[in-house]
Amino acid sequence: MMADTLTRRRFCSGLAGLTGLAAGGFSRPAFAAPATLTAQKARVQLAPEGYPATDVWSYDGSLPGPMIRAPQGTRLERRLLNSLDVPTSVHWHGIRIDNAMDGVAGLTQKAVPPGEGFDYAFDLPDAGTYWYHAHTNSMEQVARGLSGPLIVDEAQAPDIDRDEVLMLGDWLLDPDTGRFAEPFDHPMSLSHGGRTGNLVGVNGRFDHGLTARQNDRLRLRLINSATARIFVLRLQGMTGWTVALDGMPLATPEPLGAELILAPAQRIDLIVDITAEEGTPAALAMAMQDDSWRALVEVAVTGRAATTPRPAPPALPPNPAMAPPDLSQARALDMVMEGGAMAGMEGATYQGERLDFRALIERGQFWALSGQAGMPESPFARLSRGEPVRMRLENRTAFAHAMHLHGMHFREVRADGSFGPMRDTILSIPDEPLEIAFTADNPGKWLFHCHMLAHAASGMTTWIEVA
Ligand code: C2O
Ligand code: CU
């Protein structure tokens with residue numbers, strides 16, 4: 001009796017002590033649940049004022065989803081909570097990631113059912129501009145808003161006045177109701193250029209603007225989150241350099257030319273100096289169909305930062321080395337793109353069955369990659385870990401395709417045999433063959449697909465296995 005009371009008292013005072021310690025000593029207890037990312041419905045004002053608001057599928061209620069930002073070399077943890085009525089999963093686009101965390105429903109994980117969750121946890125080896133988006137029925141889920149920016153910071157930030165993330169979006173809305181136009185798998189989008197929108201915006205706003213002073217130096221991180229639109233961009237009232245592509249720093253900053261092309265899923269990091277004088281607006285402008293330019297982001301110039309512009313910026317610090325593949329030893333693969341409107345194809349294998357174009361269309365398949373429509377049961381290639389690979393991309397269709405490899409960055413092999421910069425998504429133009437090369441150093445099952453998501457859903461998806 002006596003002993004029991006004593007024990008209990010000790011135990012209780014011990015608890016009190018612990019509680020006091022936790023409250024006063026640790027701001028975040030070690031057993032804290034990871035931060036969450038909730039896929040949920042929301043209503044946002046996507047269209048300009050005066051038009052109805054839009055019901056979207058979002059992360060955490062905003063469009064784009066919350067900016068996820070972490071230092072290079074750290075581990076990112078997010079618990080996805082699915083509050084939608086449909087299964088979903090999250091892909092961390094461009095991260096050299098542990099395969100189990102890649103978020104591809106049906107390949108690297110099961111889609112997360114409504115009401116359930118999934119813990120994502122992975123290392124961030126590379127600094128740069130990345131993004132995350134749904135990878136379950138992504139043609140519809142990304143078009144409804146399920147994407148957000150993912151920024152990995154260098155230990156030493158470059159010398160700039162401001163860092164701006166600009167996530168370019170493209171939405172197809174019914175202007176009368178504000179609702180997304182349906183269906184998302186309209187045969188016209190599937191067979192042509194994908195689901196191109198009628199409302200373009202930045203960071204979820206039709207009229208996203210910035211203010212800056214003349215001579216301010218900004219880092220602009222452009223992310224194309226559109227499901228199909230290829231942006232042709234130009235800067236007005238600014239000069240600058242491209243410093244990174246698809247997250248990866250260029251060895252030497254490249255002075256901006258007349259135009260920038262940003263295909264779906266691609267990123268470009270710019271360092272720009274505002275040259276416009278006070279009162280004259282600067283802008284990031286996009287080419288319109290009629291060859292005019294429309295300001296996508298207006299920069300109001302207020303005052304002057306310094307009297308003289310600064311010299312060219314140094315290169316961003318390189319990410320951990322990815323050895324250029326040894327082309328003389330490389331396995332050569334051929335990726336032939338076929339199908340779609342205007343070009344078509346004879347036929348392809350779909351779910352193990354050889355079908356002609358008409359039969360493929362009846363099954364919603366308009367495209368094929370090397371004679372295979374849709375996700376094949378076995379991989380397009382089985383590679384051994386560390387194996388160098390070169391892959392020819394031959395576009396026999398009438399459309400451009402933004403080809404994306406998961407898990408590893410590749411380089412373009414130029415006609416003269418030299419390497420282009422590292423990328424995770426490359427734009428392939430009809431009748432202009434490309435070659436890419438990489439070292440298959442990340443083990444797992446990796447998707448290779450067109451990031452025009454309607455194309456991916458109607459044939460242009462395959463995968464490779466690295467073991
Ligand atoms: Cu950005 Cu397969 O994805
Ligand atoms: Cu495509």
Side-chain angles (χ1 to χ4, degrees), residues 34-37 58-60 62-78 80 90-98 101-103 120-135 142 145-169 201-205 208 210 212 217-226 231 240-250 253 260 262 264-272 284 297 313 315-320 404 406-407 409 421-425 451:
T36 57
L37 185 68
S58 76
Y59 293 112
D60 291 357
S62 70
L63 195 155
M67 174 154 20
I68 299 181
R69 194 157 196 155
Q72 181 176 17
T74 60
R75 198 165 168 80
L76 186 71
E77 296 187 14
R78 280 291 181 287
L80 169 70
V90 183
H91 170 56
W92 313 88
H93 183 118
I95 302 290
R96 287 196 284 164
I97 202 168
D98 171 5
M101 295 291 131
D102 201 38
Y120 291 98
F122 49 90
D123 296 330
L124 299 168
D126 303 310
T129 302
Y130 304 94
W131 65 301
Y132 60 95
H133 62 80
H135 219 304
V142 176
L146 286 169
S147 67
L150 170 56
I151 307 299
V152 184
D153 285 307
E154 303 86 8
Q156 182 98 51
D159 176 25
I160 47 163
D161 298 307
R162 245 174 36 238
D163 186 320
E164 295 285 349
V165 176
L166 302 173
M167 195 150 181
L168 281 53
V202 173
N203 295 354
R205 290 200 55 97
H208 182 74
L210 298 172
R217 175 163 280 188
L218 312 182
R219 177 177 189 170
L220 304 179
R221 301 174 184 261
L222 312 183
I223 304 171
N224 185 353
S225 71
F231 286 93
W241 299 263
T242 299
V243 294
L245 294 172
D246 295 349
M248 296 298 170
L250 298 186
L260 291 168
L262 195 62
Q266 289 186 323
R267 288 90 61 212
I268 302 182
D269 281 43
L270 305 172
I271 289 185
V272 298
L284 171 68
V297 179
L316 296 173
N319 282 323
H404 169 48
H406 284 218
H409 277 62
M422 279 181 283
R423 300 220 70 142
D424 60 42
T425 306
H451 226 289

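In what follows, residues are counted from 1 in the order of the sequence shown.
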Could you check if a side-chain atom of Ile97 sits within less than 4.5 angstrom of a side-chain atom of His406, using non-hydrogen atoms only? no
- Task: Start with the C-alpha distance between Leu222 and Phe231, add both sets of side-chain angles, then the distance that settles side-chain contact (heavy atoms from CB on, under 4.5 Å), and finish with yes or no.
- Result: CA-CA 11 Å; Leu222 312 183; Phe231 286 93; over 6 Å; no
(request) Flag the pair Pro125 / Asn319 as yes when at least one side-chain heavy-atom distance between them is below 4.5 Å, and no otherwise. (result) no
Within the distance-only criterion (no hydrogens, no angle test), does the side chain of Tyr120 pair as donor or acceptor with the backbone N or O of Val90 below 3.5 angstrom?
yes
Report task. Before accepting this row, confirm whether a basic side-chain N of the pair Asp159/Arg217 lies closer than 4.0 Å to the acidic partner's carboxylate O. Result -> no
Given the options Asp153, Asp269, Asp161, Arg219 meets salt bridge (charged side-chain N to carboxylate O under 4.0 Å, His left out) only with Asp269
Q) Are the side chains of Leu260 and Thr242 in touch, meaning some heavy atoms are under 4.5 Å apart? A) yes
- Message: Less than 4.5 Å apart, side chain to side chain, heavy atoms only: is that true for Leu124 and Ile95?
- Response: yes
Partner of His93 under side chain to side chain contact (heavy atoms under 4.5 Å, CB included), picked from Gln266, His404, His135, is His404
- Apply side chain to side chain donor-acceptor pair (under 3.5 Å) to the pair Thr129 and Arg221, showing each step before the final yes or no. CA-CA 7 Å; Thr129 302; Arg221 301 174 184 261; 2.9 Å; yes
Interatomic distance, CD@Glu164 vs CG@Leu210, rounded to 0.5 Å, equals 4.5 Å
Review point. Does some side-chain heavy atom of Leu150 sit less than 4.5 Å from a side-chain heavy atom of Leu76?
Key: yes
- Is the closest side-chain heavy-atom distance between Ile160 and Leu218 below 4.5 Å? no
